[in-house]
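These notes are about the structure you will find just below.
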Amino acid sequence: MGSSKIIRTIAQKLFPFIMLFGFYLISNGHLSPGGGFQGGVVLGTAIILLALSHGIEQTEKIFKSRWLNMLEKLGILTLIFLGFLGIFFGYSFLGNFLPLGRPGQITSGGLMLPFNIAIGIKVAAGVSAIFYALIKYRGEI
Amino acid sequence: MSIHIPILIIILPLLAAFLVLLTRKYKIVLAAVSIITSIVFTLTLSSRVLSNDKITYHLGGWRGPLGVSLVIDGLGFFFSLIALGLGLLVIIYSIPEKRYSRTYYFLLLVSLSSMIGVIYTADIFNMYVFYELLSLAVYLLIAYPKTGVTLRASFSYLIMGGVGLSFFLLGVGFLYAMTGTLDIFHIAERLPAAFNSSMQMVIMSFVLIATGMGIKIAVFPLHGWLPDAHSMAPSPVSALLSGVTVKIGIYCLIRVVYTAFSAEMFFLINSHNILMVLGVVSLLFGASMALAQKDLKRLLAYSTINQLGVVLIGLGIGTEMGLTGALFHVLNHAIMKSTLFFCAGIMITETGTREVKGLSGFGRQQPAITFAFIVASLGMIGIPPVNGFASKWLICLAAVEAGYTILVVIILVASAISAAYYFRVIQVLFSNPPEQNHIPAHEEGQVIHKGNLFRVLPIYILAAGCLLLGIVPALGISLAKPAVSLLLSYVVP
Amino acid sequence: MNPVNISLLVFMIGLYGVMSKNNLIKKIMGLTIMNGSIVLFFISIGYRKGGLAPILEKGTTGGIPTTIFVDPLPQALMLTAIVIGISVTALALALIVKIYSKYKTLDIQQLSKER
Amino acid sequence: MFKEMKKVFFIIIILAMAILFILSADIEYGNPKNLDAANYYIEQGLYDTGAINLVASIYLGYRAYDTLIETIVLFVAVAGVVFCLRGKR
């Protein structure tokens with residue numbers, strides 16, 4: 001699975017910018033349009049772009065599917081754990097126990113930033129895991 | 001800590017589901033322990049719920065229509081006990097099968113906890129989300145053996161279920177457009193005003209939600225997915241599907257119809273007549289289709305459509321006795337149908353065939369299992385010492401009381417038909433085994449020894465439950481009583 | 001014809017696709033169309049004439065805003081519904097891939113003939 | 001022949017249903033009726049959750065439970081896709 005050199009180079013150069021955009025969407029989810037899911041999908045497409053241009057074997061050396069599965073479980077366990085922390089600090093489940101901060105700043109919103117990060121990582125791992133599973137299937141088609 | 005019990009009941013199995021994926025050794029222990037914990041937590045609430053109290057929990061501290069809240073009342077308690085109890089037995093039943101990997105227990109736990117989520121939530125959109133989670137887990141459980149027929153059955157269920165839940169969501173959209181809120185109890189307060197201004201839209205949202213749930217319950221014209229899905233799935237999953245998952249659809253229908261579209265609207269739209277007609281049609285259809293089946297599990301699947309018709313008739317009558325009968329029949333059908341599917345699983349693995357004909361001689365080899373099968377099928381027919389009789393009797397009495405004598409005749413005819421097909425199976429069980437010995441072609445799994453305790457224990461428990469509820473029906477009725485009084489308090493203005 | 005009516009029409013088109021097409025992938029496309037129409041429906045019932053996207057300006061301290069905003073709740077609900085639609089579609093496509101490798105056909109009538 | 005008849009039949013049914021739906025959906029576009037909850041979100045969302053993106057304040061604040069379940073739905077779908085497609089070729 002190899003593409004032409006132009007495509008490989010451009011994909012390689014674009015990859016960090018797409019990742020950066022994804023992280024921006026995730027971390028600014030409570031301030032501007034965007035959020036964990038959208039940013040996670042952008043991160044996932046960055047991985048998919050690498051896989052399409054460099055071949056799945058090359059990409060799997062960097063983004064191992066075992067790690068991706070692990071990250072996915074970790075994201076959800078983090079979410080549930082944050083929910084339980086709400087109970088622990090005397091609020092109800094998923095209650096916000098962090099200070100709200102000044103509106104408009106990145107620290108405002110309390111639990112939203114950790115939620116967004118956990119969702120973003122989970123969705124990025126999930127989208128790329130779906131892509132891996134579909135592209136690696138070598139059944140008789 | 002005690003105020004957090006409602007969310008813990010839902011979230012502990014969910015957490016255990018993800019922990020199951022991380023361990024290899026302790027998957028069964030983890031699954032069983034989490035479900036047992038949830039049952040214990042549910043039982044601690046019983047004294048408050050059975051005295052007609054309502055337990056409310058606000059998630060994230062946002063009350064009422066702003067956020068999502070959980071409400072446990074008599075109805076939810078009743079259904080959640082059925083779901084959790086049968087879920088535990090299904091887990092026990094699937095212990096001996098070695099090919100069930102971590103993914104199986106993960107999906108089982110997710111589906112059980114999402115059932116509880118559907119039952120306890122007071123927010124109609126949250127109900128949709130949980131229902132979709134339940135459906136996804138169930139599609140995968142059906143497709144678990146990954147053979148051609150299971151994949152096909154799973155796919156057709158996916159298509160039908162997707163359409164049904166889309167209808168449900170569109171109905172939710174109409175409700176939101178009319179009332180501006182998503183909390184069921186809040187919707188119930190505001191719907192009368194909306195009804196006066198735009199009657200057509202209320203009726204339309206009712207029709208959409210009822211159609212969506214009708215697909216999930218498999219009432220007659222929308223039943224197409226059920227026989228395949230329920231018969232092709234692995235036996236424990238079939239028991240879960242027929243016993244509990246279908247009941248969740250009934251729960252949603254009851255909750256939406258009685259709580260949200262409550263009071264005068266329910267009778268103005270004449271929805272009880274609609275329910276009754278649908279019940280009669282699917283009763284007769286299921287009975288007559290089951291008569292023609294050669295495959296044992298397919299016969300049981302059509303029998304589910306038949307019995308759900310009885311439940312719908314009871315709901316449609318709408319008097320106190322009818323509702324009690326319907327809810328009691330939900331409990332009875334859950335117990336009886338899972339007994340039958342568990343027994344069918346053992347029969348299929350031991351004799352190596354799914355055909356009814358191939359079962360001959362089984363009754364002499366394993367009298368205990370056969371006895372449980374006969375008890376449960378007598379309950380399905382409605383013969384006195386077993387529980388099915390009590391609930392059918394209640395529904396018939398309610399029908400006579402409400403003046404629908406024709407319904408009694410129809411239920412009796414359907415019972416006669418179901419007697420025909422169940423007695424056919426029982427007769428085959430006791431007939432002489434054929435001359436040539438077939439080689440048992442096991443249901444895609446390893447051979448499980450006859451007297452495996454984990455296999456027979458759930459069957460004995462459930463059969464004992466059938467007899468107990470049949471002899472002392474007051475037990476089940478007292479469990480259904482708070483739910484019925486709750487439903488009636490919504491209907492009578 | 002406003003977007004509410006159009007979304008109902010599109011819903012029906014999706015339903016037609018699911019019901020009448022024989023190809024499994026076309027059925028899934030119908031399901032996706034239904035999902036999309038529901039998104040359109042929810043967004044359009046939350047619309048207010050002249051309303052802006054519900055994002056406050058940076059530096060506000062809250063209180064009653066001077067501009068009109070559209071109803072933010074349906075938009076938040078639809079984020080959830082879109083993700084669920086994606087999940088169902090992904091699962092259905094995986095099932096289709098598996099079914100095709102078993103039966104070598106995607107036509108539902110030929111599938112129902114095979115055992 | 002039979003196939004075409006079926007399709008035409010379906011089209012007629014769907015058109016009839018669509019016309020029925022559209023006639024009965026008398027939603028006033030651009031002028032929702034019950035706005036008290038929406039107005040509460042717009043006025044109090046910033047105080048309650050601290051996010052200036054009000055959609056995010058509902059998605060991750062008021063209704064974070066939905067979001068948690070939705071993430072689990074995606075997880076189950078991913079697990080299902082991987083489960084279906086792995087194994088023997």
Side-chain angles (χ1 to χ4, degrees), chain B residues 65-68 123-126 128-133 135-140 142-143 145-182 201 204 208 211-212 215 224 228 232 295, chain C residues 4 7-8 10-12 14-15 17-19 21 24-28 30-47 71 73-74 76-78 80-81 83-85 87-104 106 108 111-112 114-115:
Chain B
L66 289 180
V68 183
D123 188 277
I124 198 161
F125 187 77
N126 192 246
Y128 163 77
V129 176
F130 262 119
Y131 214 130
E132 197 77 66
L133 177 59
S135 310
L136 277 181
V138 163
Y139 307 147
L140 282 169
I142 294 170
K146 285 203 268 187
T147 56
V149 274
T150 54
L151 288 169
R152 241 167 42 197
S154 169
F155 188 80
S156 67
Y157 186 17
L158 192 149
I159 292 286
M160 289 297 275
V163 172
L165 286 174
S166 297
F167 271 98
F168 184 78
L169 188 54
L170 197 60
V172 171
F174 275 103
L175 279 182
Y176 181 74
M178 282 180 299
T179 59
T181 172
L182 288 167
M201 274 178 55
M204 207 161 88
L208 284 170
T211 317
I215 290 176
D228 273 341
M232 295 309 171
D295 185 322
Chain C
V4 176
S7 69
L8 289 176
V10 175
F11 185 84
M12 284 299 150
L15 187 65
V18 173
M19 274 161 58
K21 292 295 172 193
L24 298 186
I25 291 186
K26 284 182 185 167
K27 276 180 185 281
I28 291 300
L31 215 56
T32 318
I33 290 171
M34 284 169 85
N35 199 48
S37 78
I38 289 173
V39 173
L40 177 60
F41 178 79
F42 266 82
I43 298 299
S44 53
I45 60 174
Y47 179 70
D71 190 352
L73 184 59
L77 298 184
M78 281 311 105
T80 309
V83 177
I84 290 173
S87 314
V88 173
T89 312
L91 186 60
L93 288 176
L95 285 177
I96 287 176
V97 167
K98 209 64 190 163
I99 288 175
Y100 187 80
S101 73
K102 294 253 190 243
Y103 291 102
K104 300 283 173 290
L106 285 178
I108 200 142
L111 275 177
S112 61
E114 299 201 27
R115 264 289 109 188

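Chain letters run A, B, ... following the sequence lines, proteins first and then strands; every chain starts at 1. Everything quoted here is computed from the prediction, not taken from an experiment.
Under the rule for a side chain to side chain contact (heavy atoms under 4.5 Å, CB included), the partners of Ile43(C) that lie at least two apart in sequence or sit in another chain are Val39(C), Gln75(C), Met78(C). Under the rule for a side chain to side chain contact (heavy atoms under 4.5 Å, CB included), the partners of Ser135(B) that lie at least two apart in sequence or sit in another chain are Tyr131(B), Tyr139(B), Leu165(B), Lys216(B).
For the residue pair Gly173(B) and Ile45(C), the shortest heavy atom distance occurs at O-CD1, 3.5 Å. In terms of heavy-atom proximity, Ala92(C) sits nearest to Leu158(B) at CB-CD2, 3.7 Å. Counting all heavy atoms, side chain and backbone alike, Leu136(B) lies closest to Ser87(C) at CD1-CB, 4.1 Å.
Under a 3.5 Å cut-off, the side chain of Lys27(C) and the backbone N or O of Ser156(B) do not form any donor-acceptor pair.
Your options are Pro74(C), Ala81(C), Ala94(C), Gly30(C), and the one with the most heavy-atom pairs under 4.5 Å with chain B is Pro74(C). When Val163(B), Leu133(B), Leu140(B) are compared by the number of non-hydrogen pairs under 4.5 Å with chain C, Val163(B) comes out ahead. Ranked by heavy-atom pairs shorter than 4.5 Å toward chain B, the options Val18(C), Val4(C), Leu73(C) are led by Leu73(C).
Rounding to the nearest 0.5 angstrom, the gap separating the OG atom in Ser166(B) from the CD1 atom in Ile38(C) is 4.5 Å. Atom OG1 in Thr80(C) sits 12.0 Å away from atom CD in Glu132(B) (nearest 0.5 Å). Taking NZ from Lys98(C) and OG1 from Thr147(B), the interatomic distance works out to 11.0 Å, rounded to the nearest 0.5 Å. Annotation: the span from Leu170(B) atom CG to Asn35(C) atom CG amounts to 11.0 Å, rounded to 0.5 Å.
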Exercise for review: Go through the steps to decide whether Phe42(C) and Leu169(B) satisfy the test side chain to side chain contact (heavy atoms under 4.5 Å, CB included), and finish with yes or no.
Suggested key: CA-CA 10 Å; Phe42(C) 266 82; Leu169(B) 188 54; 4.1 Å; yes

Practice item. Show your reasoning for whether side chain to side chain contact (heavy atoms under 4.5 Å, CB included) applies to Tyr176(B) and Leu77(C). Key: CA-CA 11 Å; Tyr176(B) 181 74; Leu77(C) 298 184; 5.6 Å; no

Point to revise | Stepwise side chain to side chain contact (heavy atoms under 4.5 Å, CB included) test for Ile108(C) and Phe155(B) | key: CA-CA 11 Å; Ile108(C) 200 142; Phe155(B) 188 80; 5.6 Å; no

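Only the side chain of Ala143(B) comes within contact range of chain C, with heavy atoms under 4.5 Å apart. For Tyr128(B), the part lying near chain C is the side chain, with the backbone staying farther off; criterion is any non-hydrogen pair under 4.5 Å.
Taking the six-membered ring where tryptophan is involved, the planes of Phe167(B) and Phe11(C) are perpendicular, since the angle between them exceeds 60° and thus also 30°.
The closest side-chain heavy-atom distance from Tyr103(C) to Leu151(B) is not below 4.5 Å.
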